[in-house]
Amino acid sequence: MITLKGKSIYLRALEPEDLEFIFQIENDETIWNVSNTQTPYSKYLIKQYLKNAHQDIFEAKQLRLAICKNDTFEAIGLIDLFEYDSRNNRAGIGIIIQNESNRKNGFGNESLNLLINYAFQQLQLHQIYANIDVNNESSLNLFATFGFEKIGVKKDWILLHNSYHDEAIFQLINPNSKN
């Protein structure tokens, strides 16, 4: 299984022990707008998901990794490659750090850097993209740090608390990819 190491965090494959953590994230209504979740998940469904977490990105079309501080096994967030498209060598990318106390410490930056490098070097992706609520300043700044370019805005894309929000799409082309 995949383990990507940074200076202060590492990314690892999901394990059965992550059940409670994923249950908390998937059922946190405050972040449903970034995960496209609309209904709660049961522990049973998450347990079934974890049973299939051994599938690689080629089978599942998704790679979800736990973000952990170097000194612990406990997950503080999740980072994903999703909608993997082998024909066009692209995938979406998303990240969530669960608690405020773990944000603004560089963990998201380091995690995103590790997964971008993995996507471009190991998977040989030509491009990765991110869908970000235009009001999510933290995510907008994080992805801009890595050179993601805003290529469009989907108007009134996200319904949140009875009002529609725009969602921007950002793209990063692999600088070593052949056109």
Side-chain angles (χ1 to χ4, degrees), residues 1-85 90-119 122-123 125 128-133 135-136 138-140 142-143 146 157-161 165 167 170:
M1 281 300 189
I2 295 174
T3 301
L4 305 172
K5 292 188 184 283
K7 288 192 317 187
S8 56
I9 59 96
Y10 66 99
L11 308 179
R12 64 165 172 78
L14 297 177
E15 298 289 346
E17 295 85 357
D18 295 316
L19 175 66
E20 280 300 322
F21 178 75
I22 295 172
F23 179 76
Q24 288 173 8
I25 284 187
E26 294 293 355
N27 290 291
D28 182 349
E29 291 181 59
T30 64
I31 60 173
W32 281 1
N33 61 313
V34 297
S35 66
N36 288 327
T37 301
Q38 296 180 16
T39 59
Y41 282 89
S42 69
K43 285 186 180 178
Y44 173 79
L45 285 176
I46 294 170
K47 197 179 284 188
Q48 294 304 110
Y49 169 77
L50 287 171
K51 280 184 184 176
N52 294 318
H54 67 278
Q55 292 180 328
D56 64 21
I57 192 169
F58 306 103
E59 291 176 275
K61 307 298 183 208
Q62 177 186 21
L63 173 65
R64 177 173 271 187
L65 299 172
I67 302 168
C68 304
K69 294 178 189 177
N70 277 343
D71 58 350
T72 181
F73 182 79
E74 182 181 343
I76 62 166
L78 298 171
I79 190 163
D80 293 87
L81 288 175
F82 60 90
E83 294 178 4
Y84 171 70
D85 180 344
R90 68 176 171 235
I93 191 165
I95 183 170
I96 185 78
I97 305 287
Q98 187 182 32
N99 294 322
E100 286 292 326
S101 63
N102 288 317
R103 295 181 188 153
K104 299 186 182 182
N105 292 320
F107 301 142
N109 193 304
E110 197 172 340
S111 299
L112 193 57
N113 185 53
L114 288 170
L115 198 56
I116 289 169
N117 288 335
Y118 176 80
Q122 300 300 316
L123 297 176
L125 293 183
I128 49 182
Y129 61 91
N131 303 303
I132 304 171
D133 184 318
N135 298 312
N136 187 339
S138 295
S139 288
L140 294 171
L142 174 63
F143 282 85
F146 290 94
W157 198 254
I158 302 167
L159 177 61
L160 181 63
H161 307 299
H165 297 256
E167 182 176 82
F170 288 79

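The existence of a salt bridge linking Arg12 and Asp18 is confirmed by a sub-4.0 Å separation between a basic side-chain nitrogen and an acidic carboxylate oxygen.
Considering CG of Asn109 and CD1 of Ile9, their distance stands at 9.5 Å, rounded to 0.5 Å. Between Leu4 atom CG and Tyr10 atom OH the span is 12.0 Å, to the nearest 0.5 Å. In this structure, the separation between CD1 on Ile128 and CG on Leu81 is 7.0 Å, given to the nearest 0.5 Å. Once rounded to the nearest 0.5 Å, the distance linking OH of Tyr84 with CG of Leu125 reads 6.0 Å. One distance of note links NZ of Lys5 with CG of Leu11; it measures 10.5 Å at 0.5 Å rounding. The CD1 atom of Ile93 sits 9.5 Å away from atom CG of Leu63, with the distance rounded to the nearest 0.5 Å.
Nearest heavy-atom pair, Ser111 versus Ile67, reported as atom, atom and distance to 0.1 Å: OG-CG2, 3.3 Å. Closest heavy-atom contact between Ile132 and Ser139: CG2-CB, 3.7 Å. Between Ala75 and Cys68, the closest heavy-atom pair is CA-SG, 3.9 Å. Nearest heavy atom pair, residue Phe143 against residue Ala130, reads CE2-CB, 3.6 Å.
Listed for the Asn117 side chain is a donor-acceptor partner under 3.5 Å among the backbone atoms of Asn113. Without hydrogens or angle criteria, Asp133 side chain to Asn135 main chain gives a donor-acceptor distance under 3.5 Å. Judged purely by atom type and a 3.5 angstrom limit, Glu110 uses its side chain to pair as donor or acceptor with the backbone of Lys7.
The only option from Leu112, Ile96, Ile97 that meets the side-chain contact (heavy atoms from CB on, under 4.5 Å) definition with Ile79 turns out to be Leu112.
Partners of Glu17 according to the salt bridge (Lys or Arg N to Asp or Glu O under 4.0 Å) rule, which considers only residues two or more places apart in sequence or in another chain, do not exist here.
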Practice problem: Might you work through the side chain to side chain contact (heavy atoms under 4.5 Å, CB included) test for Glu74 and Phe21, ending with a clear yes or no? | Solution: CA-CA 9 Å; Glu74 182 181 343; Phe21 178 75; over 6 Å; no
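Leu142 places a side-chain heavy atom less than 4.5 Å from the side chain of Ile95. Looking at Lys69 and Phe107, their side chains come closer than 4.5 Å, going by heavy atoms from C-beta outward.
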